[in-house]
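Computed from heavy atoms alone, side chains included, the values below leave out hydrogens, waters and symmetry copies. Convention: sequence-line order gives letters A, B, ...; per-chain numbering from 1.
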Amino acid sequence: MSIDTTLSELPKQYDHAAAQKRWYPYWEEQGFFHSEPDPVRKPYAIVIPPPNVTGALHLGHALNNTLQDILIRMKRMQGFETLWMPGTDHAGIATQAVVERRLLQEEKLSRHDLGRQGLVDRIWQWKNDYEARIVAQLKQMGCSCDWARLRFTLDEVCARAVRETFFALFKKGKIYRGKRLVNWDTYLQTAVSDDEVFHEPVKGHFWHFSYPVVNPRPGEPTHITIATTRPETMLGDTAVAVHPDPAAALEQAEKELRRRLAEAPAKEKPDLQKQIDEIERRRREMLPSLEKLRDMARRGAMLELPLTYRKIPLIEDEWAKPELGSGCVKITPAHDQNDYDVWQRHPKIGAVNILNPDGTLNKHVPKKYRGLTVKRARDAVVADLGAAELVVEVEDREIDLAHSDRSKTPIEPYLADQWFIKMDELAQSAMDAVIDGRVKIIPERYAKGYLDWLGEKRDWPIGRQLWWGHRIPVWCGTFSFDDFGEELKDKQRRLLEAMQRKLEDTPPEEIEDLNQKKAKFFNESHVAAYKFLQREYGDKVAAQHRPGEELSGVSVFVCVKPGNEHIERELEQRWGLTRVEDVLDTWFSSALWPLSTLGWPEQTKELKYYYPTNVLITSRDIITLWVARMVLMGLHNVGEIPFHEVFIHPKILDGYGEGMSKSKGNGVDPIDVMDKFGADSLRFGLAYLTTETQDVRMPVEFECPHCGKLIEQTRKNRVLPTIECKHCGKRFSTQWAEKPEDKALPRGAVVSERFELARNFCNKLWNASRFALMNLDGFDPGRVLDDELFVEDSWLLSRLATVTEQVSEALEQYRYADAARTLYDFAWDEFCSFYVEMVKGRLQDDVGRMVAQRVLAHALDVLLRLLHPMIPFLTEDVWQRLGRLAPERGIDEPLPAAESIMTSPWPECDPMRQDPEIEAQFARFKEVLRVVRDIRARQNVPPKTPIRFSVRCGADVAELLAPMKPYFSSMAGAEPVEFGPDATAPALSAGATLPNIEVYVDLAGLIDVEAEIARKRREAEKLAGFIAAKEKKLSNAGFVERAPAEVVQKEREGLKDLQDQLAAVKQVIERLTAAL
RNA sequence: AGCCCCUUAGCUCAGCAGGGAGAGCGCCUGUCUUACAAACAGGAGGCCGCUGGUUCGAGACCAGCAGGGGCUACCA
């Protein structure tokens, strides 16, 4: 790689585009990103949270991946065998939904027009496009992933892990099929998990209906009132419930309210009191009738379900709250979670599913409602009940309605057969791992959410009625008894005969007996089937019985171990089984990511070497969805956690404090940021903002592509397809542009000025490096002896040692902002503002030049290495140039520099270089320099006019300051006249007072005396204020007695300093007044 | 409803073993000083959300309140 270091090759501004273009391919070609197990070295591994292929990366991904790359690059430099495993996620529902939507928009086709394979082919195309875009984005950011190992959650390697895991869980009965109420997306026609549902308030109504009582006895009500927000569900009602002990329930509710009233803030008290009054009213007015209803329920009263003319029972159940509504509640087990629970307690009431998968009403409702959508059925039901005069009341009400995150349509609770994973033991294992510290979550507070969520141990519904995903490896069908021998066949025949007889002749004992026989036969036949399957296929298949009780054959689910396609074919062709249509929830494959990417279930050398990985870096919203599931799957599959630490980083918010999302339109493409500011600035800027507790708020602007001016992004304009620039009046397009005429306009990038700090910093570094490179000709490597060092050399080396220590420690603990700020401050305020300034003179001097060059090259070298993880491109660019001029460098023992900064060793702190005395001396120098500059500025002395100054101070300070004399001249244009206890103030001077130091700048003929007097008076007042505060503190007996002695001593000294300063200031005022 | 985070200069944020408030941007005044105007040298600007408590001493610790954001759950 040829690099020129001549000045013409070093522009005044850092050219980020050129550096990125030059160095990323170089790193890749050199194979620096690739890792292979190396028993001699310790491994360090991170698996990327695979971005999903639904869309391109946004700023949140940029943050996530920057933080990973920073650690990876540091660890690589520290000598670990470092692997960053990259890949992408297929994101089942999200991706299919996106592709289907486009298909409809652009070609007016539905997925059914294409068929399963056709649609899946389309989605693969989409995946290929977006994966390429995502990988390109990561590369542009400088991510040092091991691209040779790129995985996709739906590729063959990951599929193998999925199949293996599924088979094992299926065989243990941890995966089962069950009827459960699921969140049904009627648009996509699939179940979605709770995590894929969001709630949004919509305007609705609260209808009160009345159901007639069948044959009410005298004194009993003829109707019972119930209420609902979803009238159409009444068609699926199977009961109405009333509380078994309404009196006690009211009492309980009141007790709870009184408890809260006692603790409530004043503001909420009236409301609570109102609720208590309401309960009392109910006790008076409603309790007797509720108790009557309860008695009716006990005697088995029935109600007539209007419109259907079905009879449904009145039942006792605690779900009916006497303090709410009429005290009675309709029970629709197939369409409401709570009602479902009621059904579980009262199995006899049954459940009626009234919906087709597409959200229309099915054959279980009266003819006239069949085929209607929920919305139209609702209108019809309300109208018909109204006509029957059964509508008691209609209220307007805001309803918090569940919506599918994927299709944005309302969710219908729906009773369906689903595949589940039993979470009891699996969840516990993942909880234990965090509780006992095998997995450490950082920051710690996030462990709570993890444990709470897992603690519920809710079974995980893993089936999705989609086409894009891992198809469930289960075949279902019915074996004929012919296959299982004569004995079973006989039994079947006899049982069938007995059942025939049952119809004619019905003594109850016999029916009971028959049922038992049937159950026994059912078991036997399944055992026979399992044995048969085992005989045929050994342990390559596992079977479960399939709900349903036909006696004509044995209904089974058969799961096939991966790698036995011939068995799969045989199941289909010989036995007539069919494969389950459903695919698995995306998180199933994501949960295996740390294992599947390393080749599990094969015992690969990678798995043995890198697993468990070191850390997982992710955002807080998928702790439960993903992190928890990876832990439990890791423990289940290999008995070992997938990573030792989990670092949860902040979220990126917009200027209004809202999370960035595609749907809100406030997302930012990192490419926009990189085009404008460069990848280094993006990375450093993000790291600089990554503090422990604070999310990153990032107000963004549109950049007009015509005039380059910025336009603030608002809630209003962020969703517009085009925007008119308010500066130049021309239009540009945004991410929302879809119409061809809009898309034809140039696109306005979305950027944030929050990256300016980092951009400026990069430029500062570039120029400091540029200075160094321009002054290194004739560089001669060699050891630098301690007594050759100037004060500024020792100071810089001392600071460098401390900074090295702090940065390493901060990154080790994921304190990215601390690391970035430490480096920023050091590089700018110390290295650039002082060291580079001070070394200038020596570089011009033939004698001093050599040592100065050696220290400068060394310091730059270390600084670059410390910055490399955050700013990879710039540091490599400078490193390469530095390598041309100073291929061997270092002040202890010059060594050849690594061919790339990527492969250079991480700096180590040399405690021998840390020198508090030198740092204190330097601090004195900086203070004096600052006040001299301050006086020049406030007296409006032009920078080029030389000034003279004296410093009155103790001999010790004078001695410290003596070697710094030349620098006052070069850095402040100030000539030191006299340092020491005997230094005197010139007649006309401006002064400044520091603890134990007085500085006088001789300003004869230049000074604005009155302004100076006024300033000094203000200073005196300020000092007097501090003195008063200190005196008060020291006269406080409590302080003097109880505060630590050293603190008291410090205060005393501080007071003395202040008093001295005040005296000095007063003298100056006197002298100036006299000179007036 | 429960839990978590935030509230410090006009803006975005640091500061937290409790010991006289900081940075960047913006603003004001100077400066093309031989690495850097994306810079340099200065400056102005803060009852550290409010109320109590702990302490000799609170921006920091505790409690309550107010406002902002988020997560979880529920609402016939």
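Between Lys448(A) and the phosphate of rU72(B), there is no side-chain N or O to OP1/OP2 separation shorter than 4.0 Å. Here Asn760(A) does not reach the OP1 or OP2 of rG24(B): none of its side-chain N or O atoms lies under 4.0 Å away. For Trp828(A), a side-chain nitrogen or oxygen approaches OP1 or OP2 of rC40(B) to under 4.0 Å.
Residues satisfying the side chain to side chain donor-acceptor pair (under 3.5 Å) test with Gln813(A), not counting sequence neighbours, are Arg815(A). Contacts of His208(A) classified as side chain to side chain donor-acceptor pair (under 3.5 Å), with partners at least two apart in sequence or in another chain: Glu395(A). Not counting sequence neighbours, the partners of Asp777(A) by the salt bridge (Lys or Arg N to Asp or Glu O under 4.0 Å) test are Arg849(A). Among residues two or more places apart in sequence or in another chain, the ring pair (Phe, Tyr, Trp, His ring centres under 6.0 Å) test is passed with Tyr14(A) by Trp766(A). Legend: residues meeting side chain to side chain contact (heavy atoms under 4.5 Å, CB included) with Asn775(A), ordered by chain and number and at least two apart, are Phe771(A), Leu843(A), Gln844(A). For Lys321(A), there are no salt bridge (Lys or Arg N to Asp or Glu O under 4.0 Å) partners, not counting sequence neighbours. Legend: residues meeting salt bridge (Lys or Arg N to Asp or Glu O under 4.0 Å) with Asp452(A), ordered by chain and number and at least two apart, are Lys448(A). Arg821(A) pairs by the salt bridge (Lys or Arg N to Asp or Glu O under 4.0 Å) definition with nothing, not counting sequence neighbours. Scored by the ring pair (Phe, Tyr, Trp, His ring centres under 6.0 Å) test, Tyr816(A) finds Phe647(A) as partners (sequence neighbours excluded).
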> Based on Watson-Crick and G-U pairs with both distances under 3.5 Å, what dot-bracket line describes RNA chain B 5' to 3', crossing pairs as [ ] and inter-strand pairs as |?
Replying inline: (((((((..((((.....[..)))).(((((.......))))).....(((((..]....))))))))))))....
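Proximity note for Tyr824(A) (side chain, C-beta onward) versus rC75(B), rG24(B), rA14(B): the nearest is rG24(B). You'll find that the side chain of Gln13(A) is closest to rA38(B), out of rA39(B), rA38(B), rG19(B).
A side-chain donor-acceptor contact under 3.5 Å links Asp336(A) to the backbone of Asp339(A).
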For nucleotides 5-10 of chain B, print each protein N/O atom paired with a nucleotide N/O atom at under 3.5 Å, atom names and distance only.
unit_1: rC5(B); atom_1: O2'; unit_2: Thr693(A); atom_2: O; d: 2.9
unit_1: rC6(B); atom_1: OP1; unit_2: Thr693(A); atom_2: OG1; d: 3.3

> Base, backbone or nothing for each nucleotide of nucleotides 53-60 of chain B, written B, S, -, heavy atoms under 4.0 angstrom, 5' to 3'?
Replying inline: ---B----
>> Could you walk me through whether Gln337(A) and Asp341(A) satisfy the side-chain hydrogen bond (donor to acceptor under 3.5 Å, both in side chains) test, starting with their C-alpha distance in whole Å, then the side-chain angles of each, then the deciding distance to 0.1 Å, before giving a yes or no?
In response: CA-CA 6 Å; Gln337(A) 182 59 52; Asp341(A) 295 340; 3.3 Å; yes
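Between the side chain of Arg759(A) and the base of rA38(B) there is at least one donor-acceptor pair of N/O atoms closer than 3.5 Å.
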